[in-house]
Each structure stands twice: as structure tokens, then as C-alpha cells.
2 protein chains.
Amino acid sequence: MPNETEYLKHIAYDSVIFGFSGTSLKILIMEYHGTGIFALPGGFVRIDEPIDAAVVRGLRERTGLDDIYLEQCHTFGGLERSQPEAMRQILEANDLDPQDYLWMLERFISVSYYALINYEEVNPTPDALSDSIEWYDVDNLPPLAFMHEEIVEKALLTLRENLEKKLVSSKLLPRQFTMKELQHVYESILGTEIRRTTFQRKMLSLGVLERHEKRYSGKAHKAPYLYSFIERE
Amino acid sequence: MPNETEYLKHIAYDSVIFGFSGTSLKILIMEYHGTGIFALPGGFVRIDEPIDAAVVRGLRERTGLDDIYLEQCHTFGGLERSQPEAMRQILEANDLDPQDYLWMLERFISVSYYALINYEEVNPTPDALSDSIEWYDVDNLPPLAFMHEEIVEKALLTLRENLEKKLVSSKLLPRQFTMKELQHVYESILGTEIRRTTFQRKMLSLGVLERHEKRYSGKAHKAPYLYSFIERE
DNA sequence: TACTATTGTCTCGTGATGTGACAATAGGAA
DNA sequence: TTCCTATTGTCACATCACGAGACAATAGTA
């Protein structure tokens, strides 16, 4: 368990881990042991560790992935987000004496990040304090502690802004995908419907897609081509 | 002087305060008493103070303005930005014993903000530790301590992204202004030249400008109209 | 009264985007 | 086999935003 002398007091990070499956955008939510408390996966920063490195460390522990696409979102520095009761509850449910972890009950500043991962490659693993870590549709989340809804909201906004600018979609899809799958990524992030023909024309004109063989789904209609993003260094 | 028990350890903020005058974008830079060290105005966060409030407090002290347009930029959480020697130098130049302010020599995480103010309304005032606080052209800054160049760079990028989205220009100009002045704001933020006719057409088509009487400059040419942004609540 | 620098506006061409049409398929049904 | 349906790839056309240049109107000067 985190120790007082090992971590920076008053500073935490929270990560909004996005994945995409079917037609919907999902994020990973943890549930703490026997408390019914849901929250974003987060953690503390070691005394001599860059914040970014702390986040990468946390992501590796929870997803098994190295080399995750990560972007900082916002830093929440208000007072209203310290919830000592919830924290106490979590500690007690784990048979830890809150008296030994007083620093965890104090005010925290939260630096939030979002991460983009390929849904298929991940096997979420809970940490010491949590029962489970599971995918939830972004528009069907359980109630979150520590005002984490606000963080999710901000992450979604930032993701939307970066959608075209940073080719976000390439990080959320498997290497090869159909145009329709790509369109679903855009639609689920933007929360709007997109006209098929316009979308296809625009994507192709960007010059970042490579076309491969067709994918036969077994359905009674024309088979779509598979595409991949052109690698460039 | 800041006291150890009063402020959160390891957490600071830095503000990039933008102003616009003539044809160039400027920011406020402080120089510490007799050290030749230049840096962005920044400060610490009180134990029970939201970070945003700490920044507003600092801005009020330095500019005399309440109600400043403020936006968070990025949080710098790396290790490379602690410069205990510079900090020691600043303390000693102020006849303070570094032994009494050891917490100020430790690692800091910096939450950066940018502020937009009307250049004409401000009378910059130095704080306890600084000799001067003065306007510098963004593309002609003195060398800055604490890797503050990086913060300025990031603030400029963010400002550019928000230029059209958040009508940034309205915060940098006096209530009434000419189309050419507005164009200079855009050009100095984007760092590029803009075609006059295209710019004028676009601004007018946005429907956010109100036209007033002409301004006679005394120069031998047609007088431009004055405009203001339409207030809306 | 002529001249100059600047401003407000228009036109034209180009490229991106909205919108609908249409032919080409993959498999199922008759 | 032949027809049928859902989906896909592509095109044509209208519309709109924007780059680029042209031009008349104007404030003060010579």
C-alpha cells in the first residue's frame, strides 16, 4: 500500500481510458472492494517521479500495455473534490486503519489524463484496492465518486477537439478496419450522425489511409474494403 | 513572505499574461531583485484555496484588475524544472535565509494559466521579491528561468487554438476598435499575415460585431469605422 | 483641384462540403 | 439459375467558404 513518505502529498492523477467496441465509446471504471464506490482509475505520484511517468505506470498495471497513447486534459484544483468519508470507507473495507493513512484523507489536486487503447488488446486487471475494473459505455456510467463525472466530461470535450487534429481514431481501432467502423468511431466521439458519402470522401482525401483486401462478413450485401492508417515516422 | 505552513508544498502556478499594443502581442515578465533572473509571474496555493482562486489573487496583486479572463493551459509535472540554485539566489538577494525556506527549494509541479487583459487598463506592479514587472514582445523575451519558455510556448499554442473558438480578441482590445486593429490581434497571435479583404468579410459575417461611428485619425485617407463586440448574456 | 494612402465592397475562380443518385456486389430466396 | 435486398464505392450537382484582385469612396495634403 502507498506509504506517506513515498508519495507527493496533495497530488493525484486520474485517467480516463477510452476504448471502442461495436458502435460505442467506452471507458474503464473501477469499483472499490465491497463499498459500491465507483471511480476512475487513478493514483499517486512518487516523490521523484514525473507525473507523466506515474500515469504510465498506473496504466501498465491496469491494462498490461506499455506504449499507450496518453494526453493531459486538465488539472482540477478545487476544494470540493476531497471526500474524506469515501476515502475512509475504502480504507476500512480493505482492513486498513485510516489513522495510518491520514495523508490520503487530505485535500487533493487531480491532474487528469485521457488514454486511447485498442479495446481488443486489453485485459483489465484490478489493483489492490479494487474489486473490479470494467468497461462502461460513456453515456451509461455508474455514479462516480470524487466528482469524476466532471473529469470524464472534460476528457470527452478534449477528445472531440483532438479527433481530427491528432487522428485519434487510429489509436482506438485495430490495425485494419472498414470505413463503417471508422465512421462509428467518429460518430460515437462526436455524438452525432455523419453522412456516409461525405465521410468516406473526406477520409479518403486525407491521404492517410491504405486500402487492403475486402472483408466478407457472410451478410447478403457488397463486402467492404479493409483500410489501415499509413505508418509514418 | 510565504510561510511553510500556509501553502501547499510542491505546487505552484505560473501565469502567462497577454496584452496587445500597437501591432504586437506582449506578456508580462518579472525580474527578481538584483539577480538578473527573469520569470513568469507565479505563486503558491494556500492550504485551503482552490488553485483558480490563487491565480486570480496573484493577478489582482500584479495588475490591479479583478475579473480577468483566465484559462488553464497545462500542468508541468517533470523533474527538470526544479532549480534550487536559482531559488536560493533569489532568496539571498532578498536577505532571506534559504534555511528558513527549504520547502521552496524542493520539487514543484507547475499549473500554468494564461490571462488576457486590456493593455491600456493595466498598471503592472512588482511584488515583494521582484524589482520590476514589464511588458515584453512575445517574440523578443529575455531568457527565462525555471523553463518558463516552455510554458510560454504552450500558452501561445493554446491561445492560437482558442482564437476563433472563444473570441479571444475581444478580451485583448478596448471596447471599440477598428478592423485593422482587430486584424493585428489575429496576425500577432497566429504569427502570419492575413489578407485584408478576406479577414474583413469573415469577421463581419460572424455577426458578432456592431458598427459605430468613424474614427478620424488625422491621416490623409479614408477613416475607418469603429466596431465593438456585441454583448450577450 | 489634383494626389495619396487607406478603407469598404464586389466579383470571379477554386476547393471543400451537403445531398442525392446510381451501379456494383454478396449472399439469401424463389 | 434468376431475382431480391442490404450495403458499398463512386459520381454529379448545388452551395458555401475562401484566396485573389479590382474599384470606388474618402480624409487630409500639396
Side-chain angles (χ1 to χ4, degrees), chain A residues 22-24 160-161 163-169 173-174 176-230, chain B residues 22-24 160-169 173-230:
Chain A
T23 61
S24 68
R160 243 166 240 165
E161 286 168 11
L163 178 54
E164 309 212 352
K165 209 161 40 185
K166 309 200 176 177
L167 285 185
V168 155
S169 40
L173 286 167
Q176 298 200 347
F177 47 87
T178 65
M179 194 57 80
K180 173 135 274 177
E181 288 167 342
L182 183 59
Q183 184 177 342
H184 282 318
V185 171
Y186 272 70
E187 290 179 331
S188 65
I189 291 177
L190 294 174
T192 63
E193 299 212 332
I194 302 175
R195 186 162 283 268
R196 181 182 66 93
T197 55
T198 310
F199 180 76
Q200 182 140 349
R201 176 176 53 194
K202 187 171 168 187
M203 283 301 124
L204 291 178
S205 75
L206 286 179
V208 297
L209 292 180
E210 204 171 355
R211 178 182 283 184
H212 305 280
E213 70 285 8
K214 294 184 172 185
R215 173 197 284 171
Y216 296 89
S217 61
K219 301 282 178 58
H221 54 71
K222 192 171 177 179
Y225 287 106
L226 285 171
Y227 295 88
S228 67
F229 284 92
I230 296 170
Chain B
T23 60
S24 67
R160 243 166 239 164
E161 285 169 11
N162 291 339
L163 178 55
E164 310 211 351
K165 210 162 37 185
K166 309 201 177 177
L167 287 184
V168 155
S169 40
L173 286 166
R175 197 160 49 256
Q176 297 200 347
F177 48 86
T178 65
M179 194 57 80
K180 172 137 275 175
E181 289 167 341
L182 182 58
Q183 184 177 341
H184 283 317
V185 171
Y186 272 70
E187 289 179 330
S188 65
I189 291 178
L190 294 174
T192 63
E193 300 212 332
I194 301 176
R195 186 159 284 270
R196 180 182 65 92
T197 56
T198 309
F199 180 77
Q200 182 139 351
R201 176 176 52 192
K202 188 171 165 186
M203 284 302 124
L204 291 178
S205 75
L206 286 180
V208 296
L209 293 181
E210 205 171 355
R211 179 182 282 185
H212 304 281
E213 71 285 7
K214 294 184 172 186
R215 173 197 284 170
Y216 297 89
S217 60
K219 300 282 178 55
H221 54 71
K222 191 170 178 179
Y225 286 107
L226 285 170
Y227 295 88
S228 68
F229 284 92
I230 296 170

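Residue numbering restarts at 1 for every chain, and letters A, B, ... go by the order of the sequence lines.
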(message) Restricting to side chain to side chain contact (heavy atoms under 4.5 Å, CB included), what partner residues turn up for Lys219(B), sequence neighbours left out?
(response) Ser217(B), His221(B)

(request) Report the residue (Arg211(B) or Lys214(A)) whose heavy-atom-nearest nucleotide on DNA chain C is the more 5′ of the two. (result) Arg211(B)

(message) For Lys214(A) versus Ala223(A), what's the shortest heavy-atom pair and its separation?
(response) CD-O, 3.8 Å

(request) Tell me, please, the opening and closing nucleotides of DNA chain D, 5' to 3', among those with an atom under 4.0 angstrom from a non-hydrogen atom of chain A. (result) dT5(D) to dA12(D)

(request) Under the side chain to side chain contact (heavy atoms under 4.5 Å, CB included) rule, collect the residues that match up with Thr23(B), sequence neighbours excluded. (result) His184(B)

(message) Is it the case that atom CZ in Arg175(B) sees more than 12 heavy atoms from other parts of the structure closer than 6.0 Å?
(response) no

(message) By the 4.0 Å heavy-atom rule, please label Arg215(A) as base, sugar-phosphate, or nothing.
(response) nothing

(request) Using the test salt bridge (charged side-chain N to carboxylate O under 4.0 Å, His left out), find all partners of Glu161(B) that sit at least two apart in sequence or belong to another chain. (result) Lys165(A)

(message) Per the side chain to side chain donor-acceptor pair (under 3.5 Å) rule, what does the pair list look like for residues 188-209 of chain A, sequence neighbours excluded?
(response) Glu164(A)-Lys202(A)

(message) List the residues meeting side chain to side chain contact (heavy atoms under 4.5 Å, CB included) with Ser169(A), not counting sequence neighbours, and say none if there are none.
(response) Leu182(A), Val185(A), Tyr186(A), Phe229(A)

(request) Just jot down the side-chain hydrogen bond (donor to acceptor under 3.5 Å, both in side chains) partners of Arg211(A), sequence neighbours excluded, or say none. (result) Tyr227(A)

Tabulate protein N/O versus nucleotide N/O from nucleotides 2-4 of chain C, keeping only pairs under 3.5 Å, one per line.
residue, atom, partner, partner atom, Å
dT4(C), O2, Ala220(B), O, 3.3

(request) Please report, rounded to the nearest Å, how far the C1' atom of dT19(C) is from the CD atom of Gln200(A). (result) 15 Å

(message) Taking the nucleotide of DNA chain C with the nearest heavy atom to each, does Lys180(B) or Gly218(A) sit closer to the 5' end?
(response) Lys180(B)

(request) Figure out the CG/C1' separation between Leu182(B) and dG8(C), and round it to whole Å. (result) 15 Å

(message) Please report the distance, rounded to the nearest Å, between NZ in Lys222(A) and P in dG27(C).
(response) 14 Å

(request) Mind checking side-chain hydrogen bond (donor to acceptor under 3.5 Å, both in side chains) for Lys166(B) and listing every partner two or more places apart, or none if nothing turns up? (result) Glu71(B)

(message) Run the side-chain hydrogen bond (donor to acceptor under 3.5 Å, both in side chains) test against Arg215(A) and tell me which residues pass, sequence neighbours left out.
(response) Glu181(A)

(message) What contact category does Thr197(A) fall into here, base, sugar-phosphate, or nothing, at under 4.0 angstrom with non-hydrogen atoms?
(response) base

(message) Please enumerate all residues that pass ring pair (Phe, Tyr, Trp, His ring centres under 6.0 Å) together with Tyr225(A), with sequence neighbours excluded.
(response) none

Polar-atom pairs under 3.5 Å, protein N or O versus N or O of nucleotides 14-18 of chain C: list them with distances, or write none.
residue, atom, partner, partner atom, Å
dG18(C), N7, Arg201(A), NH2, 2.9
dG18(C), O6, Arg201(A), NH1, 3.2

